[in-house]
Amino acid sequence: MVSIGSIIEKIFSLSDAVRYVAIYRDGQLESRSKSSTVGASSSESDRYEELLVNPTLLKLTSQRGGIDCGGMEYVLVRYGNFFQFVMPAPWGHVSVCIEQDADPVNLGLQVKSLVQAEQ
């Protein structure tokens, strides 16, 4: 299996618009942020988002998507200072914070392709 750190670095290399990457795999959380990010949330807040908020969002949207929507591929949240792209994986989830002036759907789909290729 490819290392979490390697996947995080590859996601950062996709675009300068990537502000933060977190991977929650098999109960272990690893995250990294750009140092020059304006309007970033605190690292403690990010940790709770990855451990509580994002798994809950994925559970709720996956269950709803499975009823009659054809499933769920990812969740995109628009916060005031950035977008948050979150996608499920068989072993957990991947979360990427994206600059507000970027195209989050296009970048999210690139992340999805990269992660699926690395599994």
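The residues of the chain are indexed from 1 along the displayed sequence.
Nearest heavy-atom pair, S62 versus M72, reported as atom, atom and distance to 0.1 Å: OG-CE, 3.0 Å. The two residues K10 and S13 have their closest heavy-atom pair at O-OG, 2.7 Å. Nearest heavy-atom pair across F83 and R78 is CE2-CD, 3.1 Å. Taking each heavy atom of I98 and R19 in turn, the nearest pair found is C-CD, 3.9 Å. Across all non-hydrogen atoms, the minimal contact from L58 to H93 is CD1-CB, 3.4 Å.
Tested against Y20 for a side-chain contact (heavy atoms from CB on, under 4.5 Å), the candidates R32, E49, Q84 yield a single pass: Q84. The only member of I4, I11, V111, I7 that meets side-chain contact (heavy atoms from CB on, under 4.5 Å) when paired with V21 is I11.
When hydrophobic clusters are built by joining Ile, Leu, Val, Met, Phe, Trp and Tyr residues whose side-chain heavy atoms come closer than 4.5 Å, directly or via intermediates, V115 is grouped together with V2. Hydrophobic cluster membership is shared by L107 and L109, with clusters built from Ile, Leu, Val, Met, Phe, Trp and Tyr side chains linked at under 4.5 angstrom. No path of Ile, Leu, Val, Met, Phe, Trp and Tyr side chains, each step under 4.5 Å between heavy atoms, connects L29 with V18, placing them in separate hydrophobic clusters. Tracing side-chain contacts under 4.5 Å through hydrophobic residues (I, L, V, M, F, W, Y), one reaches L14 starting from V96; they form part of the same cluster. Hydrophobic clustering (ILVMFWY, side-chain heavy atoms < 4.5 Å, transitive): M87 and L114 are in one cluster.
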Kindly indicate, with the supporting measurements, whether the criterion side chain to side chain contact (heavy atoms under 4.5 Å, CB included) is fulfilled by Y48 and V53. CA-CA 7 Å; Y48 286 111; V53 176; over 6 Å; no
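Within the model, atoms CD of Q28 and CG of D26 stand 8.5 Å from one another, a figure rounded to the nearest 0.5 Å. The CD atom of E99 sits 8.5 Å away from atom OG of S15, with the distance rounded to the nearest 0.5 Å. Interatomic distance, S33 OG to F12 CZ, rounded to the nearest 0.5 Å: 6.0 Å. With rounding to the nearest 0.5 angstrom, the CG atom of D46 is 7.0 Å from the CD atom of E50. Here the CZ atom belonging to R47 is positioned 9.5 Å from the OG atom belonging to S31, to the nearest 0.5 angstrom.
A donor-acceptor pair under 3.5 Å links the side-chain atoms of T56 to the main chain of L52, judged by distance alone.
Between F85 and V75, every side-chain heavy-atom pair lies at or beyond the 4.5 Å cut-off. Residues F82 and V77 form no side-chain contact, since every pair of their non-hydrogen atoms from C-beta on lies 4.5 Å or further apart. Side-chain contact between L76 and V86 is absent, with no heavy-atom pair separated by less than 4.5 Å. The side-chain heavy atoms of R25 and V94, taken from C-beta on, include no pair separated by under 4.5 Å.
E73 CD: 12 or fewer foreign heavy atoms inside a 6.0 Å radius.
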